[in-house]
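Comments concern the structure below.
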Amino acid sequence: MPVPPSAESGPGGRAFAALMALPTPAEAAPAAETMLDFVFAQVWQRPGLSRRDRWFVALPCVAAADAEQPLREHVYAALVSGDLTIDEIREAVLHFAVYSGWPKASLFNMIVDEQWERIHQDRGEPAPAPQPLLPLGTPSDPEARLLVGEQAFRDVNCVPYEPIRDNPYSGAGILNFVFGEMWLRPGLGMKERRLITVACVAFQDAPYPILSHVYAALKSRDVSFDEIDELALHFGVYYGWPKASRLIQVIEEQKQRVTDEWAAEGIS
């Protein structure tokens with residue numbers, strides 16, 4: 001159950017307790033109080049992204065930071081609040097694994113299962129059985145699967161080309177699984193997948209993927225110009241200003257690129 005904020009807490013402490021379903025941190029240091037006020041009373045309350053959308057930026061950042069206790073707290077809060085369902089957060093783990101690596105995702109996945117069990121233990125009830133994996137919604141025929149992956153690659157990235165098949169990385173990995181399966185799975189919408197992806201490529205300093213995924217998020221209109229600005233702010237809070245500054249630079253460049261393309265296409 002959510003923990004009521006202390007009447008003696010400042011605005012940041014009250015906002016923390018309301019969002020995280022945890023007692024307000026006891027630290028009295030000015031830096032801690034200032035961070036609580038900024039992160040929880042200001043950034044999480046801003047209207048440019050919904051609270052639900054902000055989880056899809058915060059969770060990948062906390063998982064990538066190898067901070068186990070904050071990850072437990074954030075996973076717990078996202079689930080116990082009902083902001084994210086267990087199926088959505090499990091899909092987020094899979095998407096995170098592709099863009100940030102399986103070793104980090106293994107801890108993320110373990111903590112999701114752990115916190116889901118904790119929530120149901122607190123309620124005195126068993127956790128529901130997970131959704132069946134099979135049947136998959138994508139083709140099992142190898143040729144059909146690669147065709148689907150090629151089309152999804154073009155659609156997701158907003159480009160007229162696809163990578164070659166006859167390479168293990170691009171054929172078996174990118175076309176067969178990443179775009180032939182993962183991006184097409186029904187557990188998350190396109191917007192949520194783009195939020196996770198942009199956060200992941202930004203904290204990895206991946207120059208071309210940052211450019212391509214910011215561009216595609218905007219060009220597809222899955223993420224609006226205002227929403228991607230808020231994504232950058234939320235990312236900066238959770239992963240730091242130096243990496244966020246690079247993301248902001250790319251966002252501004254890709255906004256101009258997309259605006260110019262829309263103008264050339266006669267699209268407003």
Side-chain angles (χ1 to χ4, degrees), residues 1-29 31-96 104-131 187-189 191-192 195-196 199 230-231 233-239:
M1 295 292 294
V3 176
S6 166
E8 298 178 359
S9 301
R14 292 193 295 272
F16 173 92
L19 177 74
M20 302 297 289
L22 292 167
T24 301
E27 294 91 341
E33 183 177 352
T34 300
M35 284 189 286
L36 285 175
D37 286 346
F38 178 62
V39 175
F40 294 97
Q42 295 184 45
V43 173
W44 271 94
Q45 312 304 319
R46 288 173 60 87
L49 274 180
S50 69
R51 191 169 90 168
R52 168 183 157 78
D53 288 341
R54 290 181 185 279
W55 286 117
F56 291 109
V57 180
L59 286 169
C61 290
V62 180
D66 300 319
E68 289 193 33
Q69 189 55 32
L71 183 56
R72 287 188 173 90
E73 293 171 356
H74 280 74
V75 167
Y76 174 81
L79 289 171
V80 79
S81 65
D83 288 342
L84 302 187
T85 69
I86 185 61
D87 293 334
E88 289 171 332
I89 205 167
R90 283 174 172 154
E91 280 296 321
V93 170
L94 174 61
H95 203 98
F96 173 87
K104 287 182 182 291
S106 65
L107 177 63
F108 192 2
N109 187 64
M110 181 189 76
I111 286 176
V112 167
D113 289 346
E114 168 195 286
Q115 296 306 305
W116 187 235
E117 288 291 335
R118 171 192 169 189
I119 288 167
H120 286 83
Q121 286 178 2
D122 290 347
R123 294 171 179 170
E125 60 189 31
Q131 293 292 322
L188 287 176
K191 179 180 182 180
E192 291 83 4
L195 296 174
I196 296 167
E230 283 297 319
L231 184 162
L233 172 60
H234 208 77
F235 174 85
V237 164
Y238 275 90
Y239 222 83

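Shown here for Lys104 and Ala64, the closest heavy-atom pair between the two residues is NZ-O, 3.0 Å. Closest approach of Ala199 and Phe235 over heavy atoms only: O-CE1, 3.5 Å. Annotation for Ala21 and Val80: closest pair CB-CG1, 3.9 Å, computed over non-hydrogen atoms.
Here CD of Gln69 is found 8.5 Å from CD1 of Ile111. Values are rounded to the nearest 0.5 Å. With rounding to the nearest 0.5 angstrom, the CD1 atom of Ile196 is 10.0 Å from the CZ atom of Phe96. The structure places CG of Leu19 at 10.5 Å from CZ of Arg54, a figure rounded to the nearest 0.5 Å.
Atom CZ of Arg52 sits in a crowded spot, with more than 12 heavy atoms from other residues, nucleotides or ligands closer than 6.0 Å.
Comment: Glu114 does not engage Arg118 in a salt bridge, judged by the lack of any side-chain N to carboxylate O separation of less than 4.0 angstrom.
Side-chain contact between Ile89 and Thr85 is absent, with no heavy-atom pair separated by less than 4.5 Å. Side-chain contact between His120 and Pro128: present, with at least one pair of heavy atoms (C-beta onward) separated by less than 4.5 Å. With contacts defined as side-chain heavy-atom distances shorter than 4.5 Å, the pair Tyr238/His74 qualifies. Side chains of Trp55 and Ser50 form no contact here, defined as non-hydrogen atoms less than 4.5 Å apart. Taking 4.5 Å as the limit, every side-chain heavy atom of Phe108 sits out of range of all side-chain heavy atoms of Leu94. The closest side-chain heavy-atom distance from Leu84 to Leu59 is below 4.5 Å. Residues Thr24 and Arg14 are not in side-chain contact: their nearest non-hydrogen atoms beyond the backbone lie 4.5 Å or more apart. Side-chain contact check for Glu73 versus Val62: every heavy-atom pair is 4.5 Å or farther apart.
Of the candidates Val237, Asp37, Leu49, Val43 forms a side-chain contact (heavy atoms from CB on, under 4.5 Å) with just one, namely Val237.
Classified by interplanar angle (parallel below 30°, tilted 30° to 60°, perpendicular above 60°), the ring pair Trp44/Phe40 is parallel.
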- Task: Run the numbers on Ser81 and Asp83 for side-chain hydrogen bond (donor to acceptor under 3.5 Å, both in side chains), then give the verdict.
- Result: CA-CA 5 Å; Ser81 65; Asp83 288 342; 3.2 Å; yes
- Task: Take Glu88 and Glu91 through the side-chain contact (heavy atoms from CB on, under 4.5 Å) test and state the conclusion after the steps.
- Result: CA-CA 5 Å; Glu88 289 171 332; Glu91 280 296 321; 5.8 Å; no
- Message: side-chain contact (heavy atoms from CB on, under 4.5 Å), that's the test. Do Met110 and Leu107 meet it? Break it down for me.
- Response: CA-CA 5 Å; Met110 181 189 76; Leu107 177 63; 3.3 Å; yes
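With Glu192 contributing its side chain and Gly189 its backbone, the two residues share a donor-acceptor pair below 3.5 Å.
Residues Tyr239 and His234 place their aromatic rings such that the two centres sit no closer than 6.0 Å.
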